[in-house]
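This structure is a prediction, so every number in the text was calculated from the model and none was measured. Atom set for the values below is all heavy atoms of this structure, side chains included, hydrogens, waters and symmetry mates excluded. Throughout, a chain's letter reflects where its sequence line sits, starting with A, and its residues are numbered from 1.
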There are 2 protein chains.
Amino acid sequence: MQFDADAAIETAMGVFWRNGYGATTPQTLTSELQIGKGSLYNTFKSKHHLFVLSLARYSTWRMGFLADNFASPDPVRLQLREAVEVLTGYGDHDRGCLLVNATAELGSSDQSVTEVTEDLFAGIEDAFRVAIQRGQRNGELDPANDPGAAAGALLTTVVGTSLLLKSRTGQGRVLRTIDATINGL
Amino acid sequence: MQFDADAAIETAMGVFWRNGYGATTPQTLTSELQIGKGSLYNTFKSKHHLFVLSLARYSTWRMGFLADNFASPDPVRLQLREAVEVLTGYGDHDRGCLLVNATAELGSSDQSVTEVTEDLFAGIEDAFRVAIQRGQRNGELDPANDPGAAAGALLTTVVGTSLLLKSRTGQGRVLRTIDATINGL
DNA sequence: CGCGTTCTGTACCTGGGGGTCAACAAGTGC
DNA sequence: GCACTTGTTGACCCCCAGGTACAGAACGCG
């Protein structure tokens, strides 16, 4: 193996993220990954398989970010706020979240995709829940709220926001929704 | 014009809804719409144009539903609950919302699509806001909440839920999130 | 009923998607 | 340095997506 397969997956992730699955052609991939078609298919079996690998890579990447993020000494609300902003892809806002895009495009028809997405969604929700519980013990958050329900609501908000950012002008309004949700915790 | 173009658009809407844009081929369309390719392209110009027409049709259909729904004598929370359930596509849950799917697939790269989606999203939010305001005047809802912000949050929840339903097992948990959001109003 | 016009159906075309393969280059053991 | 094995490449292939064009059918009109 001469070229760096790991780096290639990472690049592929970016390509799929920008273009989506269907709109990404083998040609795009070979040109962006700087490898020949043969290597592509020898190493990654198929476009679809490379896509799944990219999703998995994205997923672990995001989970790593969450772990770091919630390990910071910041107040919980700030951590949550930061996490949500990053996850929604606020800023480079016409890419959204790769997993959200993948779900919308292939979600209900491709099991190998849903397996990855479900894991990530569950992982995010879990990280939220743990953080919220910690915040409640700290006295930073209102302990009257059910942490599981709150985490679910936050996940839903993240997903919804990530999508609305792709279509909506006036991102400020969308962000206000996030703030309101977090402040209500 | 021999065949019913309007009915054809409606059928096409269903096809795009199920399959997405990219995965819908001219062949699928001719076979489902029961018309020849010539009629297809003579009448609708292109697959893309037909898609936009389908989106528009979906949009007016949904807006019509909302108008009816909020005209009912039911309590506001019930109206909202019903609206959200329908909009998210709960039940036939692996289609989600056509507009959400379209946004995820083409959102940031196709202006004629974003024009339609932004309109619908704004329309939904508006309908929510009006209903919430009415509920507040009625005393059914807590007037301390900002109706605009609440409507935005509800829209975000709808979009997020519509997407999560495509990937997530255990739809019950997702629905709980909706209930919690509405009950908090 | 004949003629034109519109609508329809289908054969056809082009481009590119997704993938394979045989020749070639680049490392590896001796 | 030489055979051998593994990695890489780009030409090649098939098929189908997306669309066009033309021939024929259905309707309108005198």
> For A/His48 and B/Gly36, take the nucleotide of DNA chain C holding the closest heavy atom to each; which residue's nucleotide lies nearer the 5' end?
Replying inline: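 Closest to the 5' end, via its nearest nucleotide, is B/Gly36.
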> What nucleic acid atoms does A/Leu40 come within less than 4.0 Å of, heavy atoms only: base, sugar-phosphate, or nothing?
Replying inline: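 No contact.
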Starting from [atom2] on [N], measure out to [atom1] on [X] and report it in whole angstrom.
{"X": "A/Lys45", "N": "C/dG19", "atom1": "NZ", "atom2": "P", "value": "10 Å"}
{"X": "B/Phe16", "N": "D/dG18", "atom1": "CZ", "atom2": "C1'", "value": "12 Å"}
{"X": "B/His49", "N": "D/dG18", "atom1": "NE2", "atom2": "P", "value": "17 Å"}
{"X": "A/Phe44", "N": "C/dT20", "atom1": "CZ", "atom2": "P", "value": "15 Å"}
{"X": "A/Asp4", "N": "D/dT8", "atom1": "CG", "atom2": "C1'", "value": "16 Å"}
{"X": "B/Leu33", "N": "C/dG9", "atom1": "CG", "atom2": "P", "value": "11 Å"}
{"X": "A/Tyr21", "N": "C/dG18", "atom1": "OH", "atom2": "C1'", "value": "9 Å"}
{"X": "B/Gln34", "N": "C/dT10", "atom1": "CD", "atom2": "P", "value": "12 Å"}

> Taking OP1 and OP2 of C/dC7, is either one under 4.0 Å from a side-chain nitrogen or oxygen of B/Ser39?
Replying inline: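 False: B/Ser39 side-chain N/O out of range (4.0 Å or more) of C/dC7 OP1/OP2.
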>> Taking 4.0 Å as the cut-off, does a side-chain nitrogen or oxygen of B/Tyr41 come that near to OP1 or OP2 on D/dG19?
In response: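 Yes.
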> Should the pair A/Arg129-A/Asp126 be classified as a salt bridge under the 4.0 Å nitrogen-to-oxygen rule?
Replying inline: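 Between A/Asp126 and A/Arg129 there is a salt bridge, with a charged N closer than 4.0 Å to a carboxylate O.
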> Does the distance from a Lys or Arg side-chain N to an Asp or Glu carboxylate O, for B/Arg57 and B/Glu10, drop under 4.0 Å?
Replying inline: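 Between B/Glu10 and B/Arg57 there is a salt bridge, with a charged N closer than 4.0 Å to a carboxylate O.
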> How are the rings of B/Phe51 and B/Tyr21 set to each other: parallel, tilted or perpendicular (split at 30° and 60°)?
Replying inline: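 The rings of B/Phe51 and B/Tyr21 sit tilted, inter-plane angle from 30° to 60°.
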>> Over 60° means perpendicular and under 30° means parallel, so tell me whether B/Tyr58 and B/Trp17 are parallel, tilted or perpendicular.
In response: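 Because their plane-to-plane angle is over 60°, the rings of B/Tyr58 and B/Trp17 count as perpendicular.
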>> Return the OG to CG distance between B/Ser162 and B/Asn101, rounded to the nearest 0.5 Å.
In response: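 B/Ser162 OG to B/Asn101 CG: 6.5 Å, rounded to 0.5 Å.
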> Do you see a donor-acceptor pair shorter than 3.5 Å between the side chains of B/Thr157 and A/Thr156?
Replying inline: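 Absent: no donor and acceptor within the cut-off.
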Could you go through nucleotides 11-17 of chain C and list every protein N or O atom that sits under 3.5 Å from one of its N or O atoms, giving the distance for each pair?
| residue | atom | partner | partner atom | Å |
| --- | --- | --- | --- | --- |
| C/dG17 | OP2 | A/Gln27 | OE1 | 3.4 |

>> Check whether A/Thr11 reaches the backbone of A/Ala7 with its side chain - one donor and one acceptor, N or O, closer than 3.5 Å.
In response: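 The answer is yes, because a donor-acceptor pair under 3.5 Å joins these two groups.
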